[in-house]
**Student:** 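Handing you a structure now.
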Amino acid sequence: MILLESHNVVIYTTLAEKAAKPSSLDVVFVDFDGVRFHMSTPEKKTVIQLSMSIRCWDELALYGALDILKREYGSLIKAATEPEYNITLQIDLEQLPVDAEDREAVIKSISLMKRNVLGAPFESAFREQKNLEDSGGSRGPLMQIHYRDEEAIYIQAASDRVTVIFSTVFREETDRVFGKLFLQEFVDARRPGIQNAPPSIQNAPQVLYSNRDPPLEIRDLPGLRHSEDIGYVTFVLFPRHFAKSDVSFNTISHIQLFRDYLHYHIKCCKAYMHSRMRHRVSEFQKVLNRAKMEAATTERKTVTGRTMVSR
């Protein structure tokens, strides 16, 4: 299956092109989960202003999103945020590194702005797990990120694990069927006795799926829906999944895109089935077009029993 990229391709390609050849710019575009961006050159061609709006900004700010942005972008953060947006960066193209690899690294970091903002509660949970492990505590606070309409991410740290719960809504009956099949494969992948399973599968996070009924960790929260069109996916992350900085970075990048990953492959599966159905109908039409109707022939005889033959 295809893994979605964690960086924004529009930001990456636009900055790379403008760094090579500066020009005026004013474009608005969106990313997964309704995140909106605005890239413009309000002052001069060599200074690009990048603004981002995300619906769960207030929740993310409580979990340290601003601290992560200051750590990653520092002086690039503009004090006066663009109206209707939550954060604004100002990139001076003339101040980018001269070395090609260093310049590409800076551009790639800027294109990860959405990933870095959504990564704040995950980093907070990883630190909380370490503190609980050292202090002998049991559980940390439950963090809630309502990043989509009727859907949310719930994160809670414990002394030996971090639990991440996704709630996702299936709008159509076919989506519900495909989603259940996909998610059941995630659950079954780690079962013992699976043939030809790579060793890395056994080191993957544990996955649990429940339909309609919320998991125990969030069952007491008010306002949860109990209907057939909603499902809950639980990931259990152990310290081996985030102990090292590079592993933690990849874990956060992949897990925050899980909802988009799931629905993307549901749509791809439906598109593939529709294409196969259209191909099969086209083949049937070709068979029908090649078919020839056989003319019905009946023998006509005289009263004496002789067969009449037309000349």
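The model shown is predicted, which means the values in this text are computed figures rather than measured ones.
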**Student:** Are the side chain of Tyr63 and the backbone of Gln144 linked by a donor-acceptor contact shorter than 3.5 Å?
**Tutor:** yes

**Student:** For Asp229, check side-chain hydrogen bond (donor to acceptor under 3.5 Å, both in side chains) against everything at least two apart and list the hits.
**Tutor:** Arg225, Ser227

**Student:** Nearest heavy-atom pair of Leu132 and Gly140: which atoms, and what distance?
**Tutor:** CD1-N, 3.5 Å

**Student:** CD1/Ile48 to CG/Leu89 distance, rounded to the nearest 0.5 angstrom?
**Tutor:** 11.5 Å

**Student:** Are any side-chain N or O atoms of Arg103 and backbone N or O atoms of Val98, one a donor and one an acceptor, separated by less than 3.5 Å?
**Tutor:** yes

**Student:** State whether the side chain of Glu228 and the backbone N or O of Arg212 hold a donor-acceptor pair below 3.5 Å, judged by distance alone.
**Tutor:** no

**Student:** Using a 3.5 Å cut-off and no angle test, enumerate the donor-acceptor pairs between side-chain atoms of residues 8-21 and protein atoms at least two apart in sequence or in another chain.
**Tutor:**
{"residue": "Asn8", "atom": "OD1", "partner": "Val10", "partner atom": "N", "Å": "3.0"}
{"residue": "Asn8", "atom": "OD1", "partner": "Ile11", "partner atom": "N", "Å": "3.0"}
{"residue": "Asn8", "atom": "ND2", "partner": "Asp31", "partner atom": "OD2", "Å": "3.0"}
{"residue": "Tyr12", "atom": "OH", "partner": "Glu104", "partner atom": "OE2", "Å": "2.8"}
{"residue": "Thr13", "atom": "OG1", "partner": "Val9", "partner atom": "O", "Å": "2.8"}
{"residue": "Thr13", "atom": "OG1", "partner": "Val10", "partner atom": "O", "Å": "3.3"}
{"residue": "Thr14", "atom": "OG1", "partner": "Val10", "partner atom": "O", "Å": "2.6"}
{"residue": "Lys18", "atom": "NZ", "partner": "Ser23", "partner atom": "OG", "Å": "2.4"}

**Student:** Can you sort out the partners of Asp134 under side-chain hydrogen bond (donor to acceptor under 3.5 Å, both in side chains), two or more places apart, ordered by chain and number?
**Tutor:** none

**Student:** Spell out, as yes or no, whether a donor-acceptor pair under 3.5 Å connects the side chain of Tyr209 to the backbone of Glu185.
**Tutor:** no

**Student:** Applying salt bridge (Lys or Arg N to Asp or Glu O under 4.0 Å), which residue pairs with at least one partner in residues 166-181 are found, sequence neighbours left out?
**Tutor:** Glu150-Arg171, Glu172-Lys270, Glu173-Arg176, Asp175-Lys270

**Student:** Without swapping roles, check the side chain of Glu59 against the backbone of His146 for a donor-acceptor pair under 3.5 Å.
**Tutor:** yes

**Student:** Other than Leu288, which residues form its hydrophobic cluster under the rule that side-chain heavy atoms must be closer than 4.5 Å?
**Tutor:** none

**Student:** Partners of Phe29 by ring pair (Phe, Tyr, Trp, His ring centres under 6.0 Å), sequence neighbours excluded?
**Tutor:** Phe37

**Student:** Atom CG in Asn131, atom OG in Ser159: separation rounded to 0.5 Å?
**Tutor:** 12.0 Å

**Student:** Does Tyr261 form a ring pair (Phe, Tyr, Trp, His ring centres under 6.0 Å) with His265? I'd like the steps, not just the answer.
**Tutor:** CA-CA 6 Å; Tyr261 168 87; His265 281 90; 4.5 Å; yes

**Student:** Using a strict 4.0 Å threshold on nitrogen-to-oxygen distance, state whether Asp33 and Arg259 make a salt bridge.
**Tutor:** no

**Student:** Only pairs at least two apart or in different chains count here, so list each ring pair (Phe, Tyr, Trp, His ring centres under 6.0 Å) that has a residue in residues 95-116.
**Tutor:** none

**Student:** Got a donor-acceptor contact below 3.5 angstrom from the Thr251 side chain to the Val247 backbone?
**Tutor:** yes

**Student:** I'd like to check the ring pair (Phe, Tyr, Trp, His ring centres under 6.0 Å) partners of Phe126; sequence neighbours left out, ordered by chain and number.
**Tutor:** Phe242

**Student:** Between Ser111 (side chain only) and His7 (backbone N and O only), is there a donor and an acceptor less than 3.5 Å apart?
**Tutor:** no

**Student:** To the nearest 0.5 Å, tell me how far Lys70 NZ sits from Asp67 CG.
**Tutor:** 6.5 Å

**Student:** Which residue pairs satisfy the salt bridge (Lys or Arg N to Asp or Glu O under 4.0 Å) criterion with at least one member in residues 41-53, sequence neighbours excluded?
**Tutor:** none

**Student:** Does some side-chain heavy atom of Phe122 sit less than 4.5 Å from a side-chain heavy atom of Ile155?
**Tutor:** yes

**Student:** Members other than Ile218 in its cluster, when Ile, Leu, Val, Met, Phe, Trp, Tyr link by side-chain heavy atoms under 4.5 Å?
**Tutor:** Leu142, Tyr154, Ile165, Val169, Leu221, Leu224, Ile230, Tyr232

**Student:** Clusters formed by hydrophobic residues whose side-chain heavy atoms approach within less than 4.5 Å: which one holds Val30, and what are its other members?
**Tutor:** none

**Student:** Apart from Val28 itself, which Ile, Leu, Val, Met, Phe, Trp or Tyr residues share its cluster (side-chain heavy atoms under 4.5 Å, direct or through members)?
**Tutor:** Tyr85

**Student:** Quick one: does any side-chain atom of Gln90 pair with a main-chain N or O of Gln49 as donor and acceptor, under 3.5 Å?
**Tutor:** no

**Student:** Ignoring hydrogens and angles, tell me if any N or O in the side chain of Thr46 forms a donor-acceptor pair with the backbone of Leu93 under 3.5 Å.
**Tutor:** no

